[in-house]
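Below is one structure, written out as structure tokens; the observations come after it.
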Amino acid sequence: MNDIERFENLQTTIKVNPKNFQARRELIMLCLDLGFEKVAMSHIKFLLDIFPDDANLYFNAGICWEKLKNPNNALEAYKKAVELKEDDPDFLYNLASVYEDIGDIDSAMENYKKVIYYKNEDANAFFSIALLYSKKNDPKTAIKCFKKAIEYNYSDYFAHFYLAGEYKKIGEVDFALSEYRKVLELSPDYSWAYFNIAQIYYYLERYDDAIIMLQKTIEKNPKDMEAHKLLAQILIQQSRVDEALELLTDVAQNNENGDICYLMAKIFEMNEDKDSQKDCLELALEYKDSLTFDAKAVKAELKNLN
């Protein structure tokens with residue numbers, strides 16, 4: 001029997017016997033899995049009228065409200081669930097998550113820490129706490145928490161990735177590189193790891209290594225504009241202008257990007273092709289929403305060509 005057949009059978013069972021509470025509970029869980037949140041909520045409310053102190057029902061209501069994009073109602077439901085059963089790590093974790101979503105970082109932190117109090121080796125809670133410390137601009141504490149998350153779930157490549165980012169913030173590039181490499185061991189297609197390794201190599205002036213990593217980034221994610229731009233900049237710095245122009249021309253065919261056009265203008269300036277340089281500067285200004293270079297400076301360059 002598939003899920004839809006189960007759904008129909010449970011609805012029929014409840015219609016025949018509205019007091020079959022177990023069938024309603026099963027239907028609630030099935031509805032949440034199938035995306036029938038409003039149907040689930042109707043049955044939750046029915047059961048809460050009969051079982052007003054059922055913590056699990058409030059927890060399911062919280063999940064339902066989250067799926068319905070109503071964080072305030074979700075928060076109240078999770079708070080009630082925790083009030084009724086304060087030592088449940090799942091209840092506390094979801095409550096913390098909603099606090100985080102609405103921007104109450106301190107309450108989120110408090111409840112994530114309660115998760116760990118009741119479930120000492122909860123990797124997800126350590127990961128979430130680490131992210132909050134990162135937001136608080138406390139990389140050293142974030143690093144400690146990401147390490148704990150990895151200790152309890154080594155295969156979480158996101159934890160390795162964010163740990164690498166914190167090491168990068170404090171200038172520990174060797175540790176950062178080590179963690180990014182672990183990301184790629186666990187998830188070889190994760191393009192952002194290749195890109196971040198490339199950025200570090202660029203910072204270390206290991207340009208050939210940076211180029212290899214940027215090429216891998218683009219292989220894994222051909223739409224990564226930042227990788228294309230950094231690769232082009234390195235090629236231009238190395239006077240490999242033909243390669244850079246070929247790269248940028250290919251990208252420009254399918255993307256209206258101000259930065260790409262500006263970099264092409266710099267190549268045409270090096271080649272003393274003023275007409276093409278002017279055309280690219282005009283396009284860069286036309287696509288100003290994607291232009292991160294100083295627009296005033298670009299206008300000045302264009303003015304000097306007229």
Side-chain angles (χ1 to χ4, degrees), residues 1-104 107-129 131-132 149 152-159 186-187:
M1 183 185 298
N2 61 37
D3 286 344
I4 297 299
E5 290 172 337
R6 281 187 60 217
F7 174 80
E8 292 173 350
N9 283 346
L10 285 167
Q11 280 199 314
T12 300
T13 299
I14 293 167
K15 187 175 181 180
V16 171
N17 180 11
K19 292 186 178 181
N20 188 330
F21 304 136
Q22 182 57 39
R24 282 189 191 271
R25 291 177 186 274
E26 290 179 23
L27 182 57
I28 287 168
M29 302 307 297
L30 185 58
C31 286
L32 290 174
D33 288 340
L34 293 173
F36 301 157
E37 290 85 9
K38 292 182 179 179
V39 178
M41 186 59 72
S42 68
H43 291 291
I44 290 171
K45 289 179 178 178
F46 180 93
L47 289 176
L48 280 173
D49 285 338
I50 301 168
F51 306 104
D53 294 327
D54 190 313
N56 288 304
L57 285 174
Y58 283 106
F59 179 68
N60 288 330
I63 294 172
C64 202
W65 284 123
E66 280 198 271
K67 289 177 176 288
L68 290 169
K69 310 297 183 185
N70 191 326
N72 292 325
N73 283 1
L75 181 65
E76 292 307 312
Y78 288 138
K79 285 168 69 174
K80 186 65 177 177
V82 170
E83 177 187 322
L84 292 165
K85 194 176 181 183
E86 64 180 14
D87 61 348
D88 190 299
D90 291 335
F91 294 1
L92 289 163
Y93 187 91
N94 282 29
L95 176 60
S97 179
V98 174
Y99 272 126
E100 185 177 356
D101 288 342
I102 65 176
D104 189 343
S107 294
M109 184 78 79
E110 177 186 351
N111 283 281
Y112 282 133
K113 287 181 178 179
K114 287 180 181 178
V115 173
I116 292 169
Y117 177 80
Y118 291 111
K119 190 178 178 183
N120 305 69
E121 299 182 359
D122 193 303
N124 290 330
F126 276 111
F127 179 82
S128 296
I129 291 171
L131 287 178
L132 293 181
Y152 299 128
N153 183 12
Y154 183 85
S155 64
D156 184 353
Y157 62 89
F158 286 116
L186 295 165
S187 181

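Keep in mind it's a predicted model, so treat the numbers as computed, not measured.
Closest heavy-atom contact between Gly62 and Ala74: O-CB, 3.6 Å. Pro89 and Val115 make their closest contact through O-CG2, 3.7 Å (heavy atoms, listed as atom of the first residue, atom of the second, distance). Nearest heavy atoms, Leu10 versus Ala23: CD2-O, 3.8 Å. Contact record, Ser107 with Asp104: OG-OD2, 2.9 Å, taken as the closest heavy-atom pair. Nearest heavy-atom pair, Ala55 versus Leu84, reported as atom, atom and distance to 0.1 Å: CB-CB, 3.8 Å. For the pair Ala81 and Phe59, the tightest heavy-atom approach, listed with the atom from each and the gap, is CB-N, 3.8 Å.
Side-chain atoms of Tyr58 do not come within 3.5 Å of backbone N or O of Glu76 as any donor-acceptor pair. A donor-acceptor pair under 3.5 Å is formed between the side chain of Thr12 and the backbone N or O of Glu8. Here the side chain of Arg24 pairs a donor or acceptor atom with the backbone of Pro18 at under 3.5 angstrom. Proximity of a side-chain donor or acceptor of Tyr78 to a complementary backbone N or O of Ile63 within less than 3.5 Å is detected. At least one donor-acceptor pair under 3.5 Å links the side chain of Glu5 to the backbone N or O of Asn2.
With contacts defined as side-chain heavy-atom distances shorter than 4.5 Å, the pair Asp49/Lys45 does not qualify. Taking 4.5 Å as the limit, some side-chain heavy atom of Ile116 sits within range of a side-chain heavy atom of Ile129. Looking only at side-chain heavy atoms (C-beta outward), Asp122 and Tyr152 stay at 4.5 Å or farther from each other. Side chains of Leu95 and Tyr99 form a contact here, defined as non-hydrogen atoms less than 4.5 Å apart. Within the 4.5 Å cutoff, side-chain heavy atoms of Asn94 are placed close to those of Glu66.
If you take CG on Leu75 and CG on Asp101, they are separated by 10.0 Å, rounding to the nearest 0.5 Å. Atom CG of Asp53 and atom NZ of Lys80 lie 6.5 Å apart (nearest 0.5 Å). If you take CG on Leu186 and CG on Asp156, they are separated by 9.0 Å, rounding to the nearest 0.5 Å. Going from atom CG of Asn60 over to atom SG of Cys31 covers 11.0 Å, rounded to the nearest 0.5 Å. Between the CG atom in Asn9 and the OG1 atom in Thr13 there is a gap of 6.5 Å [rounded to 0.5 Å]. If you take CD on Glu121 and CG on Asn153, they are separated by 11.5 Å, rounding to the nearest 0.5 Å.
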Quick one: do Leu47 and Asp54 satisfy side-chain contact (heavy atoms from CB on, under 4.5 Å)? Show the steps, please. CA-CA 9 Å; Leu47 289 176; Asp54 190 313; over 6 Å; no
Run the side chain to side chain donor-acceptor pair (under 3.5 Å) check on Glu100 and Tyr112 step by step: do they pass? CA-CA 10 Å; Glu100 185 177 356; Tyr112 282 133; 2.8 Å; yes
Please lay out, stage by stage, how Arg6 and Asp33 fare under the test salt bridge (Lys or Arg N to Asp or Glu O under 4.0 Å). CA-CA 12 Å; Arg6 281 187 60 217; Asp33 288 340; over 6 Å; no
May I have the step-by-step check of side-chain contact (heavy atoms from CB on, under 4.5 Å) for Lys38 and Met41, ending in yes or no? CA-CA 5 Å; Lys38 292 182 179 179; Met41 186 59 72; 5.6 Å; no
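By the 6.0 Å contact criterion, OH on Tyr154 is enclosed, its count of non-hydrogen atoms from other residues, nucleotides or ligands being greater than 12.
At a cut-off of 3.5 Å, with distance as the only test, no side-chain donor of Tyr118 or Asp87 sits close to an acceptor on the other residue. With hydrogens and angles left out, the side-chain atoms of Tyr93 and Ser128 include a donor and acceptor closer than 3.5 Å.
By the 30° and 60° cut-offs, the orientation of the rings of Phe21 relative to Phe51 is perpendicular.
A salt bridge links Glu110 with Lys114; the closest basic N to acidic carboxylate O contact falls under 4.0 Å.
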